[in-house]
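Beneath this line is the structure, given in C-alpha cells, with notes to follow.
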Amino acid sequence: MAIPNVRIPSRQLYIDGEWREPVKKNRIPIISPATEEIIGEIPAATEEDVDIAVEAARRALARDDWGSTTGAQRAKYLRAIAAKILERKSELAKLESLDCGKTLFEAAWDMDDVAASFEYYADLAEALDSKRKTPVDLHLDSFKTYVLREPLGVVGLITPWNYPLLMATWKVAPALAAGCAAILKPSELASITCLELGEICREVGLPPGALNILTGLGPEAGAPLVSHPHVDKIAFTGSGATGVKIMTAAAQLVKPVTLELGGKSPIVVFDDIDNLDLAVEWTLFGCFANAGQVCSATSRLILQESIASEFLERLLLWIKNIKISDPLEEDCKLGPIVSSGQYEKVLKFISKAKDEGATILCGGERPQHMKKGYYVQPTIITDVNTSMEIWKEEVFGPVLCVKTFKTEEEAIELANDTKYGLASAIMSKDVERCERFTKAFQTGIIWFNCSQPTFTQLPWGGRKRSGFGRDLGEWNISKCFLVLKWPQI
Ligand SMILES: NC(=O)c1ccc[n+]([C@@H]2O[C@H](COP(=O)([O-])OP(=O)(O)OC[C@H]3O[C@@H](n4cnc5c(N)ncnc54)[C@H](O)[C@@H]3O)[C@@H](O)[C@H]2O)c1
Ligand SMILES: C[N+](C)(C)CCCC=O
Ligand code: NA
C-alpha cells in the first residue's frame, strides 16, 4: 500500500507571535519510529528562551488586546483555531503519525478531538462573561461584595508525546479560554504538530504572547519553566517520575501544579457478559490502541475464572487480526513504539515478567516482518501474581497482563491493587453490579462495557499516584486557570 507523502515544516520557537531561533541555536533531530531515520529537526529551547517567552506572556496579559478581552472575544480565536485544524486535518494527522508512530486512522481521530476541544472551550469562554462577577449577599447594609473570577496569569503547560496535539490542546484551549497567557512545552519526542499550532495561531491573529511554544528537552526547557518566578502555574501531563520532579520544584515557589500522570488500569470481565466477542474487542482496544501508549490503557485484564479459557482463546483469535505495519498505511492497526528508549523499556518489562515466572501467551517480541522501526507484537501475559513488576508498573506498550477471579469481592480487590487510580472498566450486564463497582473503583474514570471513550464535557484525571486536578470539562477552567478574589465595596 502506498505511503502518503508529507513535508515536515522546519520551524523555530514560537514566541511573542513570531518564529524565533533559540538563543543557543540548538536543534534536536526527529527520528521516525517507523524507519529509525532522521526525518527533520525541532528547535531546542533553554532557560534563556524561557525568560524571553515569559516576558512575552506577561506583556500579553498587560496589553488590552489580550489582557482585557471578554470571553466572547477569546472564543472567536478558539473557533478560528478549530477551523484551521480541520482545514489541515489530513496533513496534521500525517505529521503526527510520522512523528510518534500513531496509526493514521487514530491520528485523524485525534485531530477531530482537537478541533472539538477548541470549540468546546470557545463555548465555555463565552459562558464565562456572565459568571465573571458573582454577587454574594452578606445580609449587611454596611458591607457589600462580589466574587470575581480572573485568569490565573502566565501558565506553563508541559505535555507528553502519546497524543501530542490532543494533550497540548486539553491544556492550551482552557488556558486561553480563561484569558491566561500560556507557554506550551511539548515532548521532545513529538513536537511537530504542536509547532504547527503556533503557525495556526499566527494565521488566525492570536495576539502576540498569548500562546508561546517552546520545544526542547525536559530538563533544559521544561524545568526552567517550572522554577521561573513569573510563571504562576504548571499544568503537567506525563510520567510519575517527572511529575514528582515538577511538584518538588514548584513547591519551592509555592506554585500550584496539576498533575495528570500514568496508570495501570484494570478491565474486569464477568461471566454474565452478553456478547463475548464484543468484550474481547473492547479488551483489545483498551490495551492495544495507540500501541498501548495510553495513560488510561486497561492493561490489567481481571477475568472471571468460569470464562477464562474461552475468553483467552477468543482473544488469541482476534489478536491475529491486528495488522502491524507502517502507521501511515491506511489499514494499519498497530504502529511502532515512539522511540528506541521506550521500545527497549517495553521489551525489558516483557523479559522481566518471564524471569519472574509469568507466561508469555502470545507476542513478546519484535514482529518478524518489520525489519526496521520500534515495533513490538501485541503481547498477552498470564500466570501473573500481584508481586510481579508486570502487574504493578505501567508498561506504556502493547502488553496486557491477565489474572482470574472467582467472586466479586476478589475482583474489586484485584482492581484496586495498584498505586495508580486513573481509570477502570467493568464488563457485565448486571447494572447493579456496575453501580457497586462505580463506588468501589478507586479511579477518576470508570467505563461500563467499553474502554477508553472520552468526552470533552467530562473531567479527566486520576487519584492516588495518577495525579490530581482535572483536564477537560468546566472543572479544568475553574480549578486550573481561574483565580477567585473579592473586593469590599
Ligand atoms: N493522565 C493523563 O491524562 C496522561 C495522558 C497522557 C500521558 N500520560 C502519562 O505520560 C507518560 C508518558 O509521557 P512521557 O514519556 O512524555 O512523559 P515524561 O514525563 O517523560 O515527559 C512529559 C513532559 O515532561 C517534560 N519533562 C521531562 N523532564 C522534565 C523536568 N525535569 N522538568 C520539566 N519538564 C520535564 C518532557 O520533556 C515532556 O514534555 C506516561 O506515564 C503516561 O501515562 C498521562
Ligand atoms: C482520549 N484517549 C484516547 C483516551 C487518550 C487519553 C490520553 C491519555 O493518554
Ligand atoms: Na518523534
Side-chain angles (χ1 to χ4, degrees), residues 8 28-34 38-42 45 50 95-102 106 109-110 113 117 156-164 166-168 170-171 184-194 214-227 234-250 257-265 285-286 289-290 292-299 336 338-339 341-342 345 374 393-396 420-423 444-445 447 451-456 460-462 465-472:
I8 297 175
I28 300 169
I30 303 170
I31 297 168
S32 156
I38 294 179
I39 52 173
E41 49 175 35
I42 54 167
V50 170
L95 288 173
E96 194 139 296
S97 180
L98 270 176
D99 204 1
C100 70
K102 182 185 291 283
E106 289 186 67
W109 228 0
D110 291 352
D113 283 350
S117 291
L157 316 174
I158 303 180
T159 54
W161 46 262
N162 62 338
Y163 290 81
L166 187 60
M167 290 303 100
W170 284 10
K171 300 196 189 301
L184 169 67
K185 208 306 275 172
S187 167
E188 59 277 23
L189 293 178
S191 289
I192 302 177
T193 49
C194 286
L214 300 183
T215 51
L217 302 175
E220 289 179 12
L225 199 54
V226 180
S227 53
I234 295 290
F236 172 74
T237 297
S239 66
T242 308
V244 168
K245 284 187 198 157
I246 286 181
M247 197 168 161
T248 306
V257 291
T258 44
L259 301 177
E260 294 290 342
L261 309 175
K264 188 80 186 181
S265 299
F285 183 76
N290 208 29
Q293 303 163 114
V294 186
C295 52
S296 52
T298 38
S299 56
V338 70
S339 68
Q342 286 295 126
K345 263 195 208 166
Y374 311 124
E393 301 299 332
E394 180 184 48
V395 174
F396 230 56
Y420 294 111
L422 187 55
I445 299 151
W447 287 295
S451 175
Q452 307 306 313
T454 301
F455 305 93
T456 320
W460 178 273
R465 298 264 194 107
S466 293
F468 52 85
R470 290 293 181 265
D471 274 339
L472 297 182

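Atoms within a ligand are numbered from 1 in the order they appear, just like the ligands themselves. Along the sequence shown, residues are numbered consecutively beginning with 1.
Among protein heavy atoms, atom 13 (O) of ligand 1 sits closest to P160 CB, 3.2 Å. Ranking protein heavy atoms by distance to atom 14 (P) of ligand 1, first place goes to W161 NE1, 3.2 Å. At the top of the distance list for atom 2 (C) of ligand 1, counting protein heavy atoms only, stands C295 SG, 3.3 Å. Looking only at heavy atoms of the protein, atom 28 (N) of ligand 1 is closest to T242 CG2, 3.4 Å. Counting only heavy atoms of the protein, atom 38 (C) of ligand 1 lies nearest to T159 O, 3.3 Å. Scanning all protein heavy atoms for the shortest distance to atom 17 (O) of ligand 1 gives S239 N, 3.3 Å. Nearest to atom 3 (C) of ligand 2 among the protein's heavy atoms is Y163 OH, 3.4 Å. Closest protein heavy atom to atom 6 (C) of ligand 2: W460 CZ2, 3.6 Å. The nearest protein atom to atom 1 (N) of ligand 1, hydrogens excluded, is given as L261 O, 2.7 Å; this is a heavy-atom distance.
For ligand 1, the polar-atom distance check finds an N/O of W460 within less than 3.5 Å of one of the ligand's N/O atoms. Taking only nitrogen or oxygen atoms, main chain and side chain alike, W170 does not reach within less than 3.5 Å of ligand 2.
Every atom of ligand 1 with a heavy atom of L422 under 4.0 Å away is listed here by number and element: 1 (N). Taking a cut-off of under 4.0 Å to the non-hydrogen atoms of M167, the atoms of ligand 1 that pass are 5 (C), 6 (C). Which parts of ligand 2 touch C295 is read off a 4.0 Å heavy-atom cut-off, strictly below it: atoms 7 (C), 8 (C), 9 (O). Of all atoms in ligand 1, listed by their number and element, those nearer than 4.0 Å to a heavy atom of E188 are 36 (C), 37 (O).
Side-chain contact, T237 with K171: a donor N or O sits under 3.5 Å from an acceptor N or O.
A donor-acceptor pair is defined here as one N or O able to donate and one able to accept, closer than 3.5 Å; no such pair exists between the side chain of Q342 and the backbone of S339.
Residue contacts with ligand 2 for M167 involve side-chain atoms from C-beta outward but no N, CA, C or O (heavy atoms, distance under 4.0 Å). Contact annotation: for N290 versus ligand 2, there are no heavy atoms closer than 4.0 Å.
Residue L189 counts as close to the Na ion (ligand 3), with an N, O or S atom under 3.0 Å.
A tilted orientation is assigned to the rings of W460 and W447, their planes being inclined by 30° to 60°.
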